[in-house]
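Read the structure below first, then the notes.
Quantities reported herein were computed from a predicted structural model and do not represent experimental measurements.
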Amino acid sequence: QVQLAESGGGLVQAGESLRLSCAASGSIFRINAMGWYRQAPGKQRELVAAVTTGGSTNYADSVKGRFTISRDNAGNTVYLQMNSLKPEDTAVYYCNAAVIPRNVPRSGDYWGQGTQVTVSS
């Protein structure tokens, strides 16, 4: 089983920063992409940022210029540096990875358990 371990969430004040980490482990052949989603209460889950094997990145418009995603391919780890946090960034953040497990012919999506980010005014 592929597992994603998230860390870095917490309670901060507006304007402060957090750095989320997500490490993939298990029987992994390749990780094609990793990213972060978030879901606020009563809201639809949305893509925050993602990075592919080719190095392409994309961000939600609401976080462009404030968040930076990076990936350590050797360590199967993705980071999300979140600066200038706003109360509207409050959500549960989920790590996601498109993984080709060893001895499995196709990729599948794997999710972390989520980490709470709360930004106070």
Side-chain angles (χ1 to χ4, degrees):
Q1 179 72 20
V2 176
Q3 294 183 330
L4 304 179
E6 301 154 323
S7 63
L11 173 63
V12 298
Q13 296 180 356
E16 295 183 340
S17 298
L18 284 172
R19 184 176 176 87
L20 305 183
S21 299
C22 174
S25 62
S27 184
I28 296 172
F29 173 70
R30 177 175 293 169
I31 300 178
N32 290 328
M34 299 187 76
W36 292 92
Y37 290 72
R38 69 185 181 188
Q39 187 168 23
K43 302 292 186 180
Q44 182 176 318
R45 185 174 298 188
E46 65 173 347
L47 175 68
V48 178
V51 58
T52 69
T53 300
S56 298
T57 60
N58 64 289
Y59 297 88
D61 288 340
S62 60
V63 307
K64 287 180 179 177
R66 298 188 298 120
F67 291 10
T68 302
I69 190 169
S70 60
R71 180 181 174 185
D72 182 348
N73 289 326
N76 295 332
T77 303
V78 66
Y79 305 93
L80 185 67
Q81 179 67 44
M82 304 186 294
N83 297 328
S84 302
L85 282 162
K86 304 175 180 179
E88 50 262 47
D89 295 318
T90 296
V92 178
Y93 285 70
Y94 297 92
C95 181
N96 171 262
V99 177
I100 303 176
R102 288 202 291 263
N103 304 122
V104 176
R106 63 183 182 273
S107 66
D109 284 341
Y110 292 84
W111 294 88
Q113 66 177 356
T115 183
Q116 177 71 46
V117 173
T118 302
V119 184
S120 65
S121 300

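Closest of all the heavy-atom pairs between Ser27 and Val2 is O-CG2, 4.1 Å. The two residues Met34 and Ala97 come nearest to each other via the heavy atoms CG-CB, 4.1 Å. The heavy-atom pair separating Ala24 from Ile31 by the smallest distance is CB-CD1, 3.7 Å. Between Val51 and Arg71, the shortest heavy-atom distance links the atoms CG1-CB, 3.7 Å. Taking all atoms of both residues into account, the shortest heavy-atom contact from Ala40 to Ala91 is N-CB, 3.8 Å.
Residue Arg30 places its CZ atom among 12 or fewer non-hydrogen atoms of other residues, nucleotides or ligands, all under 6.0 Å distant. Residue Asp109 places its CG atom among more than 12 non-hydrogen atoms of other residues, nucleotides or ligands, all under 6.0 Å distant. The 12-atom threshold is not exceeded at CD of Gln113, counting heavy atoms of other residues, nucleotides or ligands nearer than 6.0 Å.
Separating the OG1 atom in Thr90 from the CD atom in Gln116 is a distance of 7.0 Å, to the nearest 0.5 Å. A distance of 9.5 Å separates OG1 in Thr57 from NZ in Lys64, rounded to the nearest 0.5 Å. The distance from atom CG of Asn76 to atom SG of Cys22, rounded to the nearest 0.5 Å, is 10.0 Å. Between the CZ atom in Arg38 and the OG1 atom in Thr115 there is a gap of 14.0 Å [rounded to 0.5 Å]. For the atom pair Leu85 CG and Leu18 CG, the distance stands at 5.5 Å (nearest 0.5 Å). To the nearest 0.5 Å, the span separating CG on Leu47 from CG on Asn58 amounts to 5.5 Å.
The stretch residues 30-52 participates, sequence neighbours left out, in these ring pair (Phe, Tyr, Trp, His ring centres under 6.0 Å) pairs: Tyr37-Trp111. Evaluation of the ring pair (Phe, Tyr, Trp, His ring centres under 6.0 Å) test over residues 76-101, restricted to residues two or more places apart or in two chains, returns none.
Of the possible polar contacts, none joining the Gln39 side chain to the Gln44 backbone as a donor-acceptor pair under 3.5 Å is found.
Judged purely by distance below 3.5 Å, without hydrogens or angles, the side chains of Asn83 and Ser17 pair a donor atom with an acceptor atom.
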Working for salt bridge (Lys or Arg N to Asp or Glu O under 4.0 Å), residues Lys86 and Asp89: CA-CA 5 Å; Lys86 304 175 180 179; Asp89 295 318; over 6 Å; no
Steps toward side-chain contact (heavy atoms from CB on, under 4.5 Å) verdict (Val78, Ile69): CA-CA 7 Å; Val78 66; Ile69 190 169; 3.7 Å; yes
Trace of the side-chain contact (heavy atoms from CB on, under 4.5 Å) decision for Tyr59 with Val48: CA-CA 6 Å; Tyr59 297 88; Val48 178; over 6 Å; no
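In this structure, Val117 and Met82 have side chains that are in contact, with non-hydrogen atoms separated by less than 4.5 Å.
Hydrophobic clustering, with ILVMFWY side chains joined whenever heavy atoms are under 4.5 angstrom apart, groups Leu20 together with Val12.
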